[in-house]
Amino acid sequence: MSSPFLKLENVCKYFQASRGFFSKGSVIRAVDNITLAIEAREVIALVGESGCGKTTLGKLVCGLLKPTRGKILYKGEDLWSLKRDKFMEFRRNVQIVHQDPYSCLNPARTVFQSLAAPLYRWKLVKSRDECLEEVLRLLELAGLTPPEEFVYRYPHQLSGGERQRISVVRALSVRPKFIVADEAVSAIDASLRVELMDLLLNLRRKFGIGYLFITHDLAVARYFAGKAEGKIAVMYLGSIVELGPSEEIVKNPLHPYTKALIAAVPVPDPEKMRKSPPLPLKSLEIPSPTRPLKGCKFHDRCPFAVELCSEKAPELRDVGGGHYVACHLVDKS
Amino acid sequence: MPRGIARVIDNVDLNVHAEEVLGVVGESGAGKTMLASAIMRVVPPPGRVSGKVIFESDKLGRIDILSLEEDKLRKVYWSEISMVFQGALNAFNPTLRIRDHFTETAAAHGWSDRDEVLEKACKLLELVHLEPERVLNSYPHELSGGMRQRALIALSLLLDPKLLILDEPTSSLDMITQRVIVDLLRDIHEKLRTTMMFVTHDIALIAGLVDRIAVMYAFKVIEIAPTDALFKNPLHPYTHGLLRAIPSLVGELEAIKPIPGRHPDPVNPPPGCRFHPRCPIARDVCTEVEPPLIEAKPGHWVACHYWHELG
């Protein structure tokens, strides 16, 4: 059996919270013991609230952060003990699109300069003419037409959506196998959001790229993963609490947190929204990630929690059909 | 170099009825925040507002906010019209505790009995599901984004305003917190009957809260209708497209379609109907004649030459 494209084995990433004026420094468990296999060309939508560690996980996956504990395997080999040329191959194969379209482009560089840099870096073009041709092709691919009109613009002359498109094709320009898209469509208007997701999905069909698609919006995750026969992973305070095929997660959620998230997604139907019951949550506040908590991390917000939940942390278990859930109560129901 | 005048709200006529909840929906750059700012007369320079904003004040009678003297305006703010902006961190003074925000706001309007003010504050904080003792003694940075936004809503209700203007009060918050705030506003409206104007880009979020929705596109209101009518039978092709463009947890994925094209530039909007370059049913007349906002059906207003094709 061949090893998966990327595998996370009990990966942890802890940060030391800065010692504030009033508080003692404490440890933030941004990513806490995550095991996840990502096959080549696979699409996984990672969903969670802000502060749950989803961006940190994305950065770990593309090698921008080194895990505190655990291993990341790239084609079966430990990423952080790879030889230099193999690590370089990984760097090229796994790219990231950052969340903020306003800060991810250098304001002093034109679109051409921003897009040309990675092409030269990986020696994908030999001359300036060839480079210009490739940049124009990329802009066309991003739907920024006519490309001649965009190529010498500075970031401030572009709209948020246009910038986001540029950062998408920049990640794509080095022909990667896998892209971590961190809230790549969140800052974009509704009418454009679907268009940009369709662009990413088209590129997947064309070039066989896999995605880790990070979002806080479950409906967006369903659209993206659903159109690519992908999975949804739900993250809560550093752990994956549920993972499975996207429609299965949406139609048959098992974890109480996933259920609460689903209940919070608005439906474009006034009657249903007026009649919607209160969210199935005991507490509305997200607990601080620095607070050490025994047992299941969700137990103090969970309306179904029993004694066991506050004592023992549940493990992510297979419940059949590629559906995994970390909850003590699932077996019993 | 100036490129010309950007008309970021252009000839908008809009009525907000007493005790109703009106939603104003539009994409970024459609002019919806400018509309809210114009009503409160807080348009940043070099912006200029012309026209009239008529408000039925209890203290001053019928007034035009845009031409009112500063000192009178100050009396109306907070006590009769309150506003909750996006990004509640900026709305609070970081060096003052939440309790001081309540007492100072009250004192500025001549209400100096601190105990009475704090008692009212406690009631309001409970209304927004916060623990009054803890929150009152906190500094703004000690609260999470969702808690701050809820504390700000409580503060905005301190002087029993008649009208509450909410400008994207939930953007940049998580799904669960967004939903909590919208449910909360629904409760508040049921209990206090405060008139509200809720400005947002997320039309589905407010579906269960608002009585009517005004849709803005390219700095104009292009459709106003009771909420149910707007969702069931939108008459403007833009509204129709917008409703189809929202990813949802129900329904077919294939039915979700983007609106092709781009939002126009405020300096140089297209002639005729501003939506015509993106409109699937546009014809020659749409490129030349701007459609007026007309009452197509009782209470349902639309600015489109061919609305009957959708109706």
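Chain identifiers are assigned alphabetically (A, B, ...) following the order of the sequence lines, protein sequences preceding nucleic acid strands; residue numbering begins at 1 within each chain.
With a 4.5 Å cut-off on non-hydrogen atoms, B:L130 touches chain A through its side chain but not through its backbone. Using a 4.5 Å cut-off between heavy atoms, A:A221 makes no contact with chain B at all. Only the side chain of A:V250 comes within less than 4.5 Å of a heavy atom in chain B; its backbone stays farther off. The contact between B:S248 and chain A is made by backbone and side chain atoms together, counting heavy-atom distances below 4.5 Å. In this structure, the portions of A:I262 lying under 4.5 Å from any heavy atom of chain B include both its backbone and its side chain. With a threshold of 4.5 angstrom between heavy atoms, B:R186 approaches chain A through side-chain atoms but not through N, CA, C or O. For A:L279, the part sitting under 4.5 Å from any heavy atom of chain B is the side chain, from C-beta outward, and nothing else.
Ion pairing of B:K32 with B:E27 is absent here, as no side-chain N (NZ or NE/NH1/NH2) approaches a carboxylate O to less than 4.0 Å. The pair B:K257-A:D198 does not meet the salt-bridge criterion, since no charged nitrogen lies less than 4.0 angstrom from a carboxylate oxygen.
Ring planes of A:F298 and A:Y257: perpendicular class, angle over 60° (limits at 30 and 60°).
Judged by distance alone, the side chains of B:N137 and B:R99 do bring a donor and an acceptor atom under 3.5 Å apart. Of the N and O atoms on the side chains of B:E223 and B:H300, at least one donor lies less than 3.5 Å from an acceptor on the other residue.
A distance of 8.0 Å separates CD1 in B:I222 from SG in B:C273, rounded to the nearest 0.5 Å.
In the displayed structure, A:E148 atom CD is contacted under 6.0 Å by more than 12 heavy atoms of other residues, nucleotides or ligands.
The candidate from B:D183, B:I256, B:I203 with the greatest count of non-hydrogen atom pairs under 4.5 Å with chain A is B:I256. Among A:G226, A:P268, A:P270, the residue making the largest number of heavy-atom pairs under 4.5 Å with chain B is A:P270. The residue among A:S276, A:P278, A:G143, A:A260 with the most heavy atom pairs within less than 4.5 Å of chain B is A:S276. The candidate with the highest count of non-hydrogen atom pairs below 4.5 Å against chain A, out of B:L253, B:I246, B:I259, B:L205, is B:L253. Top candidate by heavy-atom pairs under 4.5 Å with chain B, chosen from A:D217, A:L196, A:V220, A:L281, is A:D217.
Between the B:R148 side chain and the B:L143 main chain, a donor and an acceptor come within less than 3.5 Å of each other.
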